[in-house]
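Naming convention: chains lettered A, B, ... in sequence-line order (proteins, then strands); numbering from 1 in each chain.
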Amino acid sequence: GAGVSQTPSNKVTEKGKYVELRCDPISGHTALYWYRQSLGQGPEFLIYFQGTGAADDSGLPNDRFFAVRPEGSVSTLKIQRTERGDSAVYLCASSLTGTSGGIQYFGAGTRLSVL
Amino acid sequence: DQQVKQNSPSLSVQEGRISILNCDYTNSMFDYFLWYKKYPAEGPTFLISISSIKDKNEDGRFTVFLNKSAKHLSLHIVPSQPGDSAVYFCAATTPLGAGNNRKLIWGLGTSLAVNP
């Protein structure tokens, strides 16, 4: 497809488990972002990739969260030892470059529920 | 501390009338301001933006006004249509920072309902 694709759309897991969330950005976009959105809040920045490298990971809340983008396209957000407070919608966005004036293209998100 | 504030959680207008969504910010270093629109179960969609060196940008039915001295911007939708019913997020970008990232800082959103 032409847009940003995120899978799965919904993920239910138990406290303490490990989860992986996948993002397939728009072809040719070098910049990729992960955000987390809790109910009633705006998206909260987690991490930014320029190509294969994590250029800014200042938004990751703790070391249970990790993300990779090994070939500069698809990215995976990994959460270890999930906690109930991790429940949120995880959004992925891409843009042609990281320096464009904030215009990013978002996927529909993965709704993570930690029971 | 919320750097981008949308103080109205919801707004209801009649079809054909003007919708005005407001946004305030605290950081004078923000260099771009953007409005995103979000439908349920979808990601945010870029709508319109404005550079901090401008005071108005217009795109069809959508106009954004920026008042830097008041640290305030607004989105005007004229005329409003039922399909405009969505949550509207105001966002601002920081100047290029770590890794050349122009980070987006978001407000909490305003839910707009346009009634037929």
Query raised in the report: So do the side chains of B:Trp106 and A:Phe45 get within less than 4.5 Å of each other, counting heavy atoms only?
Result: no
Query raised in the report: What is the minimum heavy-atom distance between B:Leu34 and A:Ile103, and which atoms define it?
Result: CD2-N, 3.8 Å
Query raised in the report: In terms of hydrophobic clusters joined by side-chain contacts under 4.5 Å, are A:Tyr35 and B:Leu47 together?
Result: no
Query raised in the report: Could you give all pairs that pass the side-chain hydrogen bond (donor to acceptor under 3.5 Å, both in side chains) test and reach residues 63-76 of chain B, with sequence neighbours left out?
Result: B:Asn22-B:His72, B:Asp24-B:His72, B:Asn67-B:Ser69, B:Ser74-B:His76
Query raised in the report: Is B:Ile105 linked to B:Val87 within one hydrophobic cluster, defined over Ile, Leu, Val, Met, Phe, Trp and Tyr using a side-chain heavy-atom separation of less than 4.5 Å?
Result: no
Query raised in the report: Is it the side chain or the backbone of A:Gln37 that comes within 4.5 Å of chain B heavy atoms, both, or neither?
Result: side chain
Query raised in the report: Rounded to the nearest 0.5 Å, what separation is found between the NZ atom of B:Lys38 and the CG atom of A:Leu91?
Result: 7.0 Å
Requested in this report: Treating Ile, Leu, Val, Met, Phe, Trp and Tyr as nodes and any side-chain heavy-atom pair under 4.5 angstrom as an edge, say whether B:Phe65 and B:Leu75 lie in one connected cluster.
Outcome: no
Query raised in the report: Using non-hydrogen atoms only, which part of A:Ser58 is less than 4.5 Å away from chain B: side chain, backbone, both, or neither?
Result: side chain
**Report entry** When B:Gly109, B:Pro44, B:Gly43 are compared by non-hydrogen pairs under 4.5 Å with chain A, the top option
**Finding:** B:Pro44
Query raised in the report: Do you know which two heavy atoms are closest between B:Phe46 and A:Gln104, and how far apart they sit?
Result: CB-O, 4.4 Å
Query raised in the report: Most heavy-atom pairs under 4.5 angstrom with chain B, which of A:Cys92, A:Pro43, A:Gly109?
Result: A:Pro43
Query raised in the report: Below 4.5 Å, heavy atoms only, C-beta onward: do B:Tyr36 and A:Phe106 meet side chain to side chain?
Result: yes
Query raised in the report: Does A:Tyr105 reach the main-chain N or O of B:Thr45 with its side chain, forming a donor-acceptor pair under 3.5 Å?
Result: no
Query raised in the report: Is it true that atom CZ of A:Arg64 has more than 12 heavy atoms of other residues, nucleotides or ligands lying nearer than 6.0 Å?
Result: yes
Requested in this report: Apply the test side chain to side chain contact (heavy atoms under 4.5 Å, CB included) to residues B:Leu104 and A:Tyr33: give CA-CA distance (whole Å), side-chain angles for both, the deciding distance (0.1 Å), then the verdict.
Outcome: CA-CA 10 Å; B:Leu104 270 175; A:Tyr33 306 80; over 6 Å; no
Query raised in the report: Same cluster for B:Leu108 and B:Val4 if Ile/Leu/Val/Met/Phe/Trp/Tyr side chains link at under 4.5 Å?
Result: no
**Report entry** Smallest separation among heavy atoms of B:Ala41 and A:Ala108, with atom names
**Finding:** O-CB, 3.9 Å
Query raised in the report: Has B:Phe62 got more than 12 heavy atoms of other residues, nucleotides or ligands less than 6.0 Å from its CZ?
Result: yes
Query raised in the report: Crowded around A:Leu115 CG? As in, over 12 foreign heavy atoms under 6.0 Å?
Result: yes
